Protein chains: 2
Amino acid sequence: MEERSYNQNCALAHALDVIGERWSLVLIRELLIGPRRYKDLMDGLAGIGNNLLASRLKELELANIVERTILPPPAGSAVYKLTSLGRSLESAVQELIKWGFQLNNKGQPENLSRPEWDIVAMRSLFQPDAAKGKNGACQFQVEDVFYYVVINNGRVEIELGEIRCPDAIVTTDRKTLAKLGKGMDVNTAINNNHLQITGSVLKFSEMLALFKPGD
Amino acid sequence: MEERSYNQNCALAHALDVIGERWSLVLIRELLIGPRRYKDLMDGLAGIGNNLLASRLKELELANIVERTILPPPAGSAVYKLTSLGRSLESAVQELIKWGFQLNNKGQPENLSRPEWDIVAMRSLFQPDAAKGKNGACQFQVEDVFYYVVINNGRVEIELGEIRCPDAIVTTDRKTLAKLGKGMDVNTAINNNHLQITGSVLKFSEMLALFKPGD
DNA sequence: CGGAATCCTCTTCGATACTG
DNA sequence: CAGTATCGAAGAGGATTCCG
């Protein structure tokens, strides 16, 4: 809580004074997925150490980036969520994600992997210009995580949960999804039993093409 | 040099593994201004500590973000500059800067202040859409630092140095420039002797209007 | 003087254990 | 489940010295 600061009159330094500490941006990524309980955060950040999570949350609450709320009954549990100031960090996070895709991410197999992270990543890779006039809805089940992608004339919405009547229901694993994003053929993945699609395969392929690492 | 890592298969984590350490992004900001000597970096980062600067530079060189080159004679001095991978971080830095402007930057007077930082900040605040079809060239002298702004039909170039035949030559200080950016009247600043303009005041005002904190 | 290695002290990190 | 307490290890941040 000692407010370490760069002491520079520069907007970048001001930003980093608040969200530049270790784990802060990764924590914010976790909350960009949606409101999370303390336990969810511990799981999603594995490695953070209990005390650090607690103190980061406190710092970010103080900085008006995160707020703690109690869900209405019957849930009744405490969750952390982003304030509007916190949500406005998403474009910065997206740029960092786009940049991160350029790296030779060695992707060590022992690394942690969570399907939820793709939600934030896919929002970053979405190409609004290419999606003008297009629409579609796709339900994903990646490993044990359900989320959906809805494209509506150049805008995209990607959220945890399920929707009714999607154009396609897609079941796969994170690794295959990554390969598909990098250009792997959809039918090859299906034939290798790494991808199951119920509904319109064409619609899925069309939507897939709207996500690209490059600008 | 022990390569601390988040160990997460996530592009954000990969990015932060490389540029998430303390001082890294501030150092990159410094290099976005232009190639810098070791001494320039020490000055611009005041507070970093000699050993940290050396080790950060080494890490970033290893990650192919920064390269060390020797200027041709007669200069002959060693400078650090960004590689193309490093330069591609500018959009992420710009988003962080835009976000930083939203904060109540207490702007403690004892904070360090360097006019060069406005070069990177102004690139971030430039509104390309509003600048369609407009152009102009402005030479700045802010405190002891010379830089220029050239706008050419929706594109902007802001660099250290001087150009020939600008539409306006502007002499001011950082604090006044910040106020002008926030809407202070140009003529008021001139009358208070905080701003001197040689050439077209109108052109300066026109160009100034193309820089906005909001998106 | 630019650039970097070496010490030394202090803070933060990270992992485990512990409590309401 | 949601945190606090504790403690060794690592990193930050100065100062000083060394090498070119």
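Values in this document were obtained by computation on a predicted structure and should not be read as measured data.
Inter-residue side-chain proximity for A:Trp117 and A:Glu30 is flagged as met; some heavy-atom pair is nearer than 4.5 Å. Using a 4.5 Å heavy-atom cutoff, the side chains of B:Lys179 and B:His194 are not in contact. Here the side chains of A:Lys203 and A:Asn135 are in contact, with some heavy-atom distance below 4.5 Å.
Here the P atom of nucleotide C:dA4 and the CZ atom of B:Arg37 are 14 Å apart, to the nearest Å. Residue B:Arg56 contributes atom CZ, which lies 14 Å from atom P of C:dA5 at whole-angstrom precision. Spacing between atom CG of A:Asn50 and atom C1' of C:dC13 amounts to 13 Å, rounded to whole angstrom units. Atom CG in B:Leu60 sits roughly 16 Å away from atom P in C:dG3 (whole-Å rounding). As a whole-Å value, the separation of B:Leu53 CG from C:dG3 P is 9 Å. For the pair A:Asp43 CG and D:dA2 C1', the computed distance is 13 Å after rounding to whole Å. Between the CH2 atom of A:Trp23 and the P atom of D:dG11 there is a distance of 14 Å, given to the nearest Å. Across the protein-nucleic acid pair, B:Leu52 atom CG and C:dT6 atom C1' stand 14 Å apart, rounded to whole Å.
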Kindly list each side-chain donor-acceptor pair under 3.5 angstrom involving residues 160-171 of chain B, sequence neighbours excluded, with atom names and distances?
from: B:Asp167; atom 1: OD2; to: B:Ala137; atom 2: N; distance (Å): 2.8

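Put simply, A:Lys39 has a side-chain N or O that comes within less than 4.0 Å of OP1 or OP2 on D:dC1. Contact annotation: A:Lys58 side-chain N/O to D:dA2 OP1/OP2 distance is not under 4.0 Å. Note on B:Tyr38: every side-chain N or O is 4.0 Å or more away from OP1 and OP2 of D:dG20. Under 4.0 angstrom from either OP1 or OP2 of C:dC13 there lies no side-chain N or O belonging to B:Tyr6. The phosphate of D:dG11 (OP1 or OP2) has no side-chain N or O of A:Arg22 nearer than 4.0 angstrom.
Among the candidates B:Tyr148, B:Phe146, B:Tyr147, the single residue satisfying the ring pair (Phe, Tyr, Trp, His ring centres under 6.0 Å) test with B:Phe140 is B:Tyr147.
In the set D:dA12, C:dA4, D:dG3, the nucleotide with an atom closest to the side chain of A:Arg68 is D:dG3.
Side chain B:Asn51 to base D:dG14: a donor-acceptor pair is found below 3.5 Å.
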### Query
side chain to side chain contact (heavy atoms under 4.5 Å, CB included) between B:Val149 and B:Phe211: does it pass, once the steps are laid out?
CA-CA 11 Å; B:Val149 177; B:Phe211 297 86; 4.1 Å; yes
### Task
Report the secondary structure of DNA chain C in dot-bracket form, marking unpaired bases with a dot and bases paired to a different strand with |, and treating Watson-Crick or G-U pairs with both distances under 3.5 Å as paired.
..||||||||||||||||||
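Taking the six-membered ring for Trp and thresholds of 30 and 60 degrees, B:Tyr80 and B:Tyr38 have ring planes inclined between 30 and 60 degrees apart.
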